[in-house]
Amino acid sequence: MAQRIDVKDLDIYYGDFLAVEGVTMTIEPRSVTAFIGPSGCGKSTFLRTLNRMHEVIPGTRVEGSVEMEGVDLYGPGVDPVAVRRQIGMVFQRPNPFPTMSIEENVLAGVKLVNKRISKSDAADLVESSLRGSNLWEEVKDRLDKPGAGLSGGQQQRLCIARAIAIKPQVLLMDEPCSALDPISTLAIEDLIAELKQDYTIVIVTHNMQQAARVSDRTAFFNIAGTGKPGKLIEMDDTSTMFSSPTEKATEDYISGRFG
Amino acid sequence: MSTTAPPTGKARSRSASGRAGDRGMNRIFRLVSTWSGALILATLAAVAIFLVLEAWPAISLGGEELGEQISWFPEDTSIITFVGPLIFGTLLAAFLALILATPLAVGVALFISHYAPRRLAQALGYLVDLLAAIPSVVYGLWGILAFAPIVYPVWNGIAETLGWFPLFEGPAADPPRVMATVAVVLAVMILPIITAVCREVFLQTPKLHEEAALALGATRWELVKTAVLPFARSGIISGAMLGLGRALGETMAVLMILSPGFLYSFAIFQAGQQQTIAANIAAQQPEAPPLGVSALIATGLALFVITMAVNMAARAVVARRKDFSGAN
Ligand SMILES: Nc1ncnc2c1ncn2[C@@H]1O[C@H](COP(=O)(O)OP(=O)(O)O)[C@@H](O)[C@H]1O
Ligand SMILES: [Mg+2]
């Protein structure tokens with residue numbers, strides 16, 4: 001249930017604007033990969049090209065290739081909808097569907113694929129997904145209540161439950177804790193550590209400690225100046241990145257001496 | 001009258017007045033909003049009182065006297081039995097129009113907001129807003145001059161094949177000065193306003209929730225189903241109510257097209273079956289004696305009450321699942 005992703009020479013454009021240039025990297029299965037870097041360097045943009053979510057914005061395009069287990073996600077005949085079912089995403093701001101109950105939220109993605117899921121299967125899936133996102137104990141008595149009534153941290157875990165309910169191969173998270181309080185943040189970090197047993201996880205974070213705590217590998221992105229494209233500076237095991245990075249820019253950024 | 005409720009100026013000003021430092025613009029705003037709210041309520045009350053006072057002579061008199069003094073008043077009917085069929089006709093016309101117009105409006109609005117390429121969407125948006133501003137008499141003219149002359153074969157066809165269904169009972173009248181024609185013209189008339197409201201609401205769907213749906217692997221239609229329509233539900237109802245309000249009060253189009261009757265009849269392809277309150281008032285008022293005017297105002301009072309009731313029902317529907325409305 002976890003697969004590796006190979007990115008080769010990826011350029012990403014918003015219209016004529018080259019936002020990210022020449023990224024080549026491998027994302028290992030059953031591991032957590034963290035993207036760090038100053039804001040505006042293209043972490044979100046790059047993350048969204050991994051499940052073709054960037055295509056939602058008109059005028060975007062990519063050059064290069066993204067392969068999951070050897071299959072080019074941008075190959076002819078590949079349906080972006082199918083890609084997104086394989087590669088789930090959790091956003092910066094928790095976004096449970098406001099008109100749905102907790103239970104309906106968990107099942108929202110499943111109902112798209114399998115409309116005739118039986119009642120008992122659905123109940124099982126709701127429980128296993130909510131257990132998977134460490135939310136079950138907190139909400140098991142009010143599954144029919146609106147998802148929007150939960151706290152921010154609970155909502156984010158509900159969104160994770162919703163994402164893993166469709167059993168994706170990969171889970172992308174774009175600053176999933178930046179709108180949360182420290183306790184909720186810890187809960188999500190613990191959850192990420194558990195989820196990597198089953199999923200390939202990629203997380204964007206602007207919090208260096210978080211990257212150090214949760215990730216196995218870290219990629220540092222940087223930008224030379226406004227209007228210039230963001231680039232992948234270096235990528236290595238997280239311990240190496242934080243103790244003895246190869247690049248001077250990485251060291252400066254990690255130690256907070258960033259100009 | 002418009003069927004949108006006044007903004008909740010009162011509630012807002014109450015919370016503002018509790019705060020210290022209530023000066024300058026804030027104070028002006030509070031006064032303006034309080035007085036606007038009061039003014040709307042006062043207007044409403046004044047209209048209601050006027051209607052009741054003016055209608056009273058007709059309401060208090062027996063059917064016999066009404067029949068004697070008003071030439072067009074049906075024999076042996078009280079004011080209640082006089083108003084009944086008119087209420088029926090009014091509701092029938094308005095609901096038929098709504099049933100025809102709402103799904104179409106939602107579809108057109110969805111196309112503009114979520115399917116059409118951006119350029120086309122903009123052009124269509126302008127067009128719809130433009131159509132919403134056309135006076136209803138123009139639609140009435142279109143109905144009587146362009147639509148009615150060609151629609152008879154269609155009505156006749158439906159009446160012949162589906163005539164067992166009460167609504168479609170034949171024989172279809174030719175010329176088709178019938179309820180079905182009225183309903184279509186009313187539907188065309190209220191289509192733009194409903195579409196305009198729906199489009200506006202659909203465009204306001206939070207990006208957040210659209211992305212949530214897309215990230216779960218939703219196709220465009222599934223995106224619409226999971227994120228757009230649930231979010232827009234109360235907006236769609238509001239739009240439909242605006243349309244319903246227009247249809248309920250529409251005079252000219254009905255007057256120009258419908259051959260009136262005073263029956264509780266569902267036969268929408270037959271002439272001389274139904275009549276609406278507004279069209280009846282316009283038709284009878286010019287030659288009505290004072291008591292006749294009073295009887296007509298009594299029907300106006302009924303229209304007033306219907307409009308209020310429809311509005312409240314709509315609000316109740318909107319409020320029912322408030323927890324799930326997404327207003328967080
Ligand atoms: N929708 C968009 N349209 C045009 N440019 C965009 C859009 N989103 C992001 N960008 C640009 O792409 C670059 C990278 O942005 P982003 O990926 O959000 O950076 P990060 O997530 O690292 O802060 C920035 O220069 C930003 O202005
Ligand atoms: Mg970002």
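Each chain gets a letter, A, B and so on, in the order the sequences are listed, and its residues count up from 1.
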Quiz item: Of the non-hydrogen atoms in B/L214 and A/V56, which two are nearest, and what is the gap between them?
Solution: CD1-CG2, 3.3 Å
Exercise. Heavy-atom distances under 4.5 Å only: say whether A/R48 touches chain B with side chain, backbone, both or neither.
Key: side chain
Quiz item: Side chain, backbone, both or neither: which part of A/I166 has a heavy atom under 4.5 Å from chain B?
Solution: side chain
Self-check item: A/R131, CZ: over 12 other non-hydrogen atoms inside 6.0 angstrom
Solution: yes
Quiz prompt | Validation row: B/R118, A/P58 side chains within 4.5 angstrom (heavy atoms) | solution = yes
Quiz item: Is the shortest heavy-atom distance from the side chain of A/L112 to the side chain of B/K225 under 4.5 Å?
Solution: no
Quiz item: How long is the gap from NZ on B/K207 to CZ on A/F91, to the nearest 0.5 Å?
Solution: 11.0 Å
Practice problem: Flag the pair A/F97 / B/L216 as yes when at least one side-chain heavy-atom distance between them is below 4.5 Å, and no otherwise. | Solution: yes
Quiz item: Tell me, side chain or backbone of A/P96 under 4.5 Å from chain B's heavy atoms, or both, or neither?
Solution: backbone
Quiz item: Is the count of non-hydrogen atoms from other residues, nucleotides or ligands lying under 6.0 Å from B/F88 atom CZ greater than 12?
Solution: yes
Exercise. Identify the two heavy atoms, one from A/T99 and one from B/P230, that lie closest to each other, and give their separation to 0.1 Å.
Key: OG1-CB, 3.0 Å
Quiz prompt | Residue pair A/P94 / B/L208: nearest heavy atoms and the distance that separates them | solution = O-CD2, 4.2 Å
Quiz item: Between A/R85 and B/E222, is there a salt bridge with N-O shorter than 4.0 Å?
Solution: yes
Self-check item: Side chain to side chain, B/E211 and A/R93, heavy atoms closer than 4.5 Å
Solution: no
Quiz item: Counting heavy-atom pairs under 4.5 Å to chain B, which of A/K111, A/R162, A/M89 comes out on top?
Solution: A/R162
